[in-house]
Amino acid sequence: MILTITLNPSIDRRYYVKGFKKDKVFRAENVQYTPGGKGLNVTRVIKTFSDSLIATGFIGGKSGSFIEEKLDELNINHNFLSVNGETRSCLAIHSDDGSQTEILEKGPVISNEEISNFNHLYNELIRESEIICASGSLPQGLPLETYKDLISVAKSQNKKFILDTSGDALKLGMEASPFLIKPNKDELEKLVGHVITSNDEIVKAAKCLLENDIEIVVVSLGREGAIVFNKGYAYKINVPSVKTVNSVGSGDSMIAGFAISLMEGYDFEYMLKVAAACGAANAMEEETGKVNINNVRNIINGINITKLKI
Ligand code: TA6
């Protein structure tokens, strides 16, 4: 089973606004509210392929209830820790010029007691899970070492832990050697402390990350696909171009593809294709964190992988 962790979930509010500019008043033409936060986007894509899944994290207030109702409607198993704070919203404003502007709230302040209660819940839920996916930012009140501690517990029980976050939470999480991380180019530059301008520099930077005893390093490159590093090889994944409607959540969908592939025991290169195809298929959908299985299958057939010794 896959356990997804969303410590800072969100109601993702997506607006389509023609001619969007700052300092003006607009009426949104198309509004969508979805249970979001990176981990819940991952969750909803996993659900497209398998029911062997449970979602956890912190949830609070009316926004939290909205999210739990939506997950119930989607028949997604969940067991969140209720907190006093209010679960946040994240806004994505899309416009006819193809732009998308995101405004991400910080999320609620989590108390020490709530953190302790979550750790007990996590230790319960992890028993039945082979793969753990933790994605997204930390809400206020959580120590920057939170992911590092969760990974250490998972590794002590030989569970595979996939971590998709950024900044110091990622840097510290890496110290516990998660099974897979997926920094995008910006996150990779922050990790190595310098600008990256070529694929050679990506390779060099990723090799440093592999030294943390991380099994798989995925550097997601948006429309350029991704470069995956594992056991002394770099795999450049070339994805066929797709009609992009909304690319928000594509990185999360890629994580879902890796989790599903690990659970199903797919061979390594097929896993790369599934993950990259999920990312591309998500961009074809208006809804964040959604893929159409037929699109995933068609994209897989169009993917080629270049394998290089590093
Ligand atoms: O990756 C897209 C997205 O998950 C949005 O749906 C929004 O929820 C945002 O990222 C949250 O990011 P964060 O890193 O704060 O968890």
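Each ligand, and each atom within it, is numbered from 1 in the order the structure gives.
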- Message: One residue to check: D252. Relative to ligand 1, which of side chain, backbone, both or neither has a non-hydrogen atom less than 4.0 Å away?
- Response: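 Near ligand 1, D252 shows its side chain, while the N, CA, C and O stay back.
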- Query: Does ligand 1 have a heavy atom under 4.0 Å from the side chain of R88, from its backbone, from both, or from neither?
  - Reply: side chain
- Closest protein heavy atom to atom 4 (O) of ligand 1, given as residue, atom name and distance to 0.1 Å: N41 ND2, 2.9 Å
- Query: Looking at atom 12 (O) of ligand 1, what's its closest protein heavy atom, distance included?
  - Reply: K38 NZ, 3.1 Å
- Taking only heavy atoms of V248 into account, list the atoms of ligand 1 that are under 4.0 Å away from them. 2 (C)
- For ligand 1, which atoms have a heavy atom of S137 less than 4.0 angstrom away? 13 (P), 14 (O), 15 (O), 16 (O)
Test item: [X] and [Y] side chains (from C-beta on) under 4.5 Å apart, heavy atoms:
X	Y	result
V83	F118	no
L191	K171	yes
I110	L7	no
I260	S50	yes

- Item | Candidate pair Y15 and F20, rule ring-ring contact (aromatic ring centres under 6.0 Å, His included), full reasoning | CA-CA 10 Å; Y15 304 103; F20 175 69; 9.7 Å; no
Return a yes/no value for [X]: is any of its N or O atoms, backbone included, closer than 3.5 angstrom to an N or O of ligand 1?
X	result
N8	no
G37	yes
D12	yes
T288	no

- Report the residue from I46, I54, I132 that forms a side chain to side chain contact (heavy atoms under 4.5 Å, CB included) with I2.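 Filter result, single survivor: I46.
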- Task: Give me the one residue out of Q100, R14, E287 that meets side chain to side chain contact (heavy atoms under 4.5 Å, CB included) with V248.
- Result: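 With V248 as partner, side chain to side chain contact (heavy atoms under 4.5 Å, CB included) holds for just one option, Q100.
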- Distance from T288 atom OG1 to L40 atom CG, nearest 0.5 Å?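 If we round to the nearest 0.5 Å, T288:OG1 and L40:CG are 12.0 Å apart.
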- Item | Closest to atom 9 (C) of ligand 1 among L104, L40, L7, T34 (heavy-atom distance) |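 Looking at heavy atoms only, L104 sits closest to atom 9 (C) of ligand 1.
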- Task: State if R14 counts as touching ligand 1 under the rule of any non-hydrogen atom under 4.0 Å.
- Result: no
